[in-house]
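Please read the structure below before turning to the comments.
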Number of protein chains: 2
Amino acid sequence: MATTTQPGPRERLLTAAQELFYARGPAVGVDALLKEANVARRSLYEHFGGKDGLVAAVLRRAADEDLAWYEQALAGSTDPRRRLLGLFDRLDELVSNDEFRGCRYFASDLTFADPDHPAHAETEAFRQRLRELLVRELKALGHRRPARAAEQLHLLIEGTLVMGATQDGQRPARAARDLAALVLD
Amino acid sequence: MATTTQPGPRERLLTAAQELFYARGPAVGVDALLKEANVARRSLYEHFGGKDGLVAAVLRRAADEDLAWYEQALAGSTDPRRRLLGLFDRLDELVSNDEFRGCRYFASDLTFADPDHPAHAETEAFRQRLRELLVRELKALGHRRPARAAEQLHLLIEGTLVMGATQDGQRPARAARDLAALVLD
DNA sequence: GTCGTGATAGACCGACCAGTCTATCTATCA
DNA sequence: TGATAGATAGACTGGTCGGTCTATCACGAC
């Protein structure tokens with residue numbers, strides 16, 4: 001066979017949905033997802049039970065990927081302080097990219113107004129894991145109040161993502177980095 | 001007449017839409033808006049041309065109100081530094097309220113994916129006015145780099161609103177206030 | 001009185017939505 | 001060879017969407 005083995009429909013759906021949810025928002029229709037993934041309608045309901053299940057599965061996978069991205073962004077140095085500041089340098093690259101569309105977790109929370117929607121549990125879990133990652137780094141730094149500093153860094157990160165999504169041409173991550181440096185001391 | 005004169009349909013629509021857009025998101029259906037405002041369907045299209053026009057009109061009015069809120073939040077003192085820090089105290093009250101649903105401008109940007117949607121011009125205008133307000137205060141404070149500091153305060157404000165909308169029970173405005181104090185020096 | 005204006009109520013339209021269903025095809029395995 | 005499982009294509013349902021339309025009503029000006 002000349003063609004490489006194609007992933008199964010479940011995998012194709014996850015990949016296509018992750019991309020479309022990010023590019024066009026979590027409100028994209030099921031038809032668009034199926035077309036993009038080249039998957040039969042029935043397969044979606046077999047594998048995920050419905051659109052809500054697909055949304056939750058995509059968020060779960062994205063959370064793993066994004067946390068891996070954060071870990072890698074920290075990996076530029078062994079010095080705890082440089083690691084955290086380097087994170088904002090990576091955020092600067094991320095946010096400056098034309099393809100950047102903002103935080104997918106916040107977009108999910110806003111799109112699905114129903115507080116019982118399974119998406120909210122996933123976004124909450126992601127934020128918890130991100131927070132724990134920040135606390136871990138701050139403890140490694142020997143920070144006096146790691147929990148409070150993590151809250152501040154988290155706020156700076158969220159602020160950077162919002163500014164990056166709405167204010168084209170600026171460099172919010174640089175402003176956030178300077179503030180982050182103050183948080184660390 | 002015992003009943004006070006009722007505002008016209010245009011006014012009722014604006015009021016109802018402003019409330020419902022905030023409480024349920026800008027994706028609420030036209031039917032719900034008409035029912036809440038007790039207005040005939042046709043009146044909406046006579047006055048605003050369509051839902052998009054109503055959305056833009058609501059954002060324009062909300063921008064005036066919100067900027068007045070910011071002005072009032074600054075009015076607690078004549079000392080430039082206390083004025084800006086007091087703003088974050090007011091944000092703390094705003095965000096701690098159970099009714100707080102996040103930033104309506106960012107929610108509008110996320111809901112209307114089409115970049116040509118008239119909502120985007122309104123949200124952009126609001127952010128510009130907010131930024132000018134911050135620059136004005138920083139200049140009154142005699143800050144060395146008012147534009148840059150305004151960007152940082154703006155980032156702290158947006159971050160506070162996101163955290164307040166997603167992290168229940170925390171006090172992000174306090175964390176932001178401490179960072180704002182560092183920005184001012 | 002009558003005309004015009006601006007409002008009301010609500011039927012109606014085509015488009016799209018998520019989800020269900022039938023029928024068909026294609027592998028793998030016995 | 002035949003049975004089974006998993007996938008495909010796509011018709012179809014009921015509901016909601018934004019928007020258009022007709023018909024009626026209330027009121028002020030002339």
Side-chain angles (χ1 to χ4, degrees), chain A residues 1-18 20-21 23-59 107-108 110-114 116-120, chain B residues 1-18 20-21 23-59 107-108 110-120 122:
Chain A
M1 298 287 287
T3 63
T4 58
T5 309
Q6 192 183 213
R10 188 190 145 89
E11 198 61 22
R12 276 179 287 153
L13 253 181
L14 277 174
T15 304
Q18 188 167 347
L20 281 189
F21 285 158
R24 294 200 226 163
V28 268
V30 166
D31 286 338
L33 297 171
L34 298 174
K35 190 178 178 185
E36 178 77 13
N38 256 303
V39 153
R41 200 170 189 77
R42 181 172 189 145
S43 300
L44 187 159
Y45 294 91
E46 292 281 340
H47 285 291
F48 300 101
K51 190 191 175 184
D52 289 357
L54 176 60
V55 168
V58 166
L59 288 174
S108 294
L110 282 178
T111 301
F112 305 110
D114 176 9
D116 294 331
H117 193 286
H120 298 304
Chain B
M1 297 287 286
T3 63
T4 58
T5 310
Q6 193 183 212
R10 186 189 147 89
E11 198 61 22
R12 276 179 290 158
L13 254 181
L14 277 173
T15 304
Q18 187 167 346
L20 281 189
F21 284 158
R24 294 200 225 161
V28 268
V30 166
D31 287 339
L33 296 171
L34 298 174
K35 190 177 178 185
E36 178 78 12
N38 255 303
V39 153
R41 200 170 186 78
R42 181 170 189 147
S43 300
L44 188 158
Y45 294 91
E46 291 282 341
H47 285 291
F48 300 102
K51 190 190 176 187
D52 289 357
L54 176 60
V55 168
V58 166
L59 287 175
S108 294
L110 283 177
T111 301
F112 306 109
D114 176 10
D116 294 331
H117 192 288
H120 298 305
E122 302 297 333

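In what follows, chains carry the letters A, B, and so on, assigned in the order in which the sequence lines appear, proteins first and then strands, with residues in each chain numbered from 1.
Residue Ser43(A) places at least one side-chain N or O closer than 4.0 Å to OP1 or OP2 of dT8(D). Look at His47(A) and you'll find a side-chain N or O under 4.0 angstrom from OP1 or OP2 of dA7(D).
Of the inter-residue distances, the one linking Thr15(A) atom OG1 with Gln18(A) atom CD reads 7.0 Å to the nearest 0.5 angstrom. Taking CD of Glu36(A) as the reference point, atom CG of Asp31(A) lies at 13.0 Å (rounded to 0.5 Å).
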Pull out every protein N or O sitting under 3.5 Å from an N or O of nucleotides 9-11 of chain D, one pair per line with the distance.
none

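Per the geometry, CD belonging to Glu46(A) stands 12 Å off P belonging to dC21(C), to the nearest Å. The nearest whole Å value for the distance from the CG atom in Leu13(B) to the P atom in dA7(C) is 10 Å. In this structure, Leu44(A) atom CG and dA7(D) atom P are separated by 12 Å, rounded to whole Å. The nearest whole Å value for the distance from the NZ atom in Lys35(A) to the C1' atom in dT8(D) is 17 Å. Taking atom NZ on Lys51(A) and atom P on dG19(C), their separation rounds to 8 Å, with Å as the unit. Rounding to whole angstrom units, OH of residue Tyr45(A) and P of dT22(C) are separated by 16 Å. Rounding to whole angstrom units, CD of residue Gln6(A) and C1' of dA7(D) are separated by 11 Å. When the C1' atom of dG6(C) is taken as reference, atom CZ of Arg12(B) falls 12 Å away, rounded to whole Å.
Both distances falling under 3.5 Å, in either a Watson-Crick or a G-U wobble arrangement, place dA30(C) opposite dT1(D).
Counting any heavy atom pair closer than 4.0 Å across all strands shown, Arg10(A) reaches no nucleic acid atom.
Counting all heavy atoms, side chain and backbone alike, His120(B) lies closest to Phe112(B) at NE2-O, 2.8 Å. Scanning both residues, Lys51(A) and Val28(A), for their nearest heavy atoms gives NZ-O, 2.9 Å.
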TODO: Check the pair Phe48(B), Val58(B) against side-chain contact (heavy atoms from CB on, under 4.5 Å), reporting the backbone distance first and the verdict last.
DONE: CA-CA 10 Å; Phe48(B) 300 102; Val58(B) 166; over 6 Å; no
- [ ] Take Leu54(B) and Leu14(B) through the side-chain contact (heavy atoms from CB on, under 4.5 Å) test and state the conclusion after the steps.
- [x] CA-CA 7 Å; Leu54(B) 176 60; Leu14(B) 277 173; 4.2 Å; yes
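Between the side chain of Arg41(B) and the backbone N or O of Leu34(B) there is no donor-acceptor pair closer than 3.5 Å.
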